[in-house]
Amino acid sequence: YVGGSMDFYTFVLRKSDPYWVAMCLENGLVGQGGSSDEAVGKLKEAIISFQEALKAEEDVYNEPISVKDLHEFLTVEGNEPQTASYELRAVYT
């Protein structure tokens with residue numbers, strides 16, 4: 001944190017056919033798109049909107065996601081063994 005604001009957020013990106021999903025670890029926001037870049041772009045838009053809401057209102061919930069929520073995001077339902085790959089990145093706002 002610099003001066004009470006964050007310069008970047010970390011997120012996990014995964015393929016969830018037919019979409020890509022990006023989840024921010026600092027606040028649980030999610031972006032989805034047809035490509036990984038589109039999912040990241042949607043997540044960045046959500047983060048910017050969220051930052052504006054934080055400035056405008058006092059009672060906005062703002063906590064990092066729990067380990068349980070992260071595990072749920074990374075777990076893919078189904079009977080077949082999964083060979084999914086995940087990426088951990090940063091998005092600058």
Side-chain angles (χ1 to χ4, degrees):
Y1 289 88
V2 178
S5 66
M6 185 174 280
D7 295 323
F8 72 92
Y9 292 85
T10 50
F11 65 93
V12 177
L13 183 68
R14 74 172 170 89
K15 178 98 167 145
S16 182
D17 285 330
Y19 302 103
W20 282 88
V21 182
M23 177 188 240
C24 182
L25 300 179
E26 284 80 13
N27 54 33
L29 295 174
V30 176
Q32 175 180 302
S35 69
S36 59
D37 288 339
E38 186 178 348
V40 171
K42 295 288 186 182
L43 178 60
K44 187 172 182 176
E45 289 174 12
I47 290 171
I48 291 168
S49 293
F50 186 70
Q51 287 173 331
E52 291 171 2
L54 285 174
K55 290 177 187 173
E57 299 179 31
E58 292 181 16
D59 294 334
V60 177
Y61 182 78
N62 184 25
E63 294 291 327
I65 66 166
S66 67
V67 171
K68 180 181 176 186
D69 290 339
L70 178 59
H71 182 265
E72 183 178 311
F73 177 76
L74 296 176
T75 303
V76 180
E77 298 291 329
N79 297 329
E80 297 296 318
Q82 299 296 319
T83 58
S85 61
Y86 304 97
E87 293 181 40
L88 183 62
R89 294 190 194 175
V91 63
Y92 295 89
T93 58

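Numbering of residues begins at 1 and proceeds along the displayed sequence. Source: prediction; values computed, not measured.
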- Task: To the nearest 0.5 angstrom, please state how far the CD atom of Glu38 sits from the OH atom of Tyr19.
- Result: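 One gets 9.5 Å once the value is rounded to the nearest 0.5 Å.
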- Task: Mind checking the OG1-CZ spacing from Thr75 to Arg14? Nearest 0.5 Å is all I need.
- Result: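 So the OG1 of Thr75 and the CZ of Arg14 are separated by 8.5 Å.
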- Non-hydrogen atoms of Val21 and Ser16 that approach each other most closely: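 Closest heavy-atom pair between Val21 and Ser16: CG2-CB, 4.0 Å.
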- ILVMFWY cluster, Ile48 and Val40 together (side-chain gap under 4.5 Å):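 As far as the 4.5 Å side-chain criterion goes, Val40 and Ile48 are not connected within one cluster.
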- same_hphob_cluster(Val60, Leu43) at 4.5 Å side-chain heavy-atom cutoff: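 Yes, Val60 connects to Leu43 through the hydrophobic network.
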Side-chain contact, heavy-atom cut-off 4.5 Å: [X] with [Y]?
{"X": "Leu29", "Y": "Phe11", "value": "no"}
{"X": "Phe50", "Y": "Glu26", "value": "no"}
{"X": "Lys42", "Y": "Glu45", "value": "yes"}

- For Ala39, side chain to side chain contact (heavy atoms under 4.5 Å, CB included) partners two or more places apart: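 So Ala39 forms a side chain to side chain contact (heavy atoms under 4.5 Å, CB included) with Leu13, Trp20, Ala22.
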- Task: Only counting residues at least two apart or in another chain, list the ones meeting side chain to side chain donor-acceptor pair (under 3.5 Å) with Asp69.
- Result: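 Side chain to side chain donor-acceptor pair (under 3.5 Å) list for Asp69, sorted by chain: Ser66.
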- Message: Once salt bridge (Lys or Arg N to Asp or Glu O under 4.0 Å) is applied, do any residues pair with Asp17, and if so which ones, sequence neighbours excluded?
- Response: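 If we apply the salt bridge (Lys or Arg N to Asp or Glu O under 4.0 Å) test to Asp17, skipping adjacent residues, the hits are Lys15.
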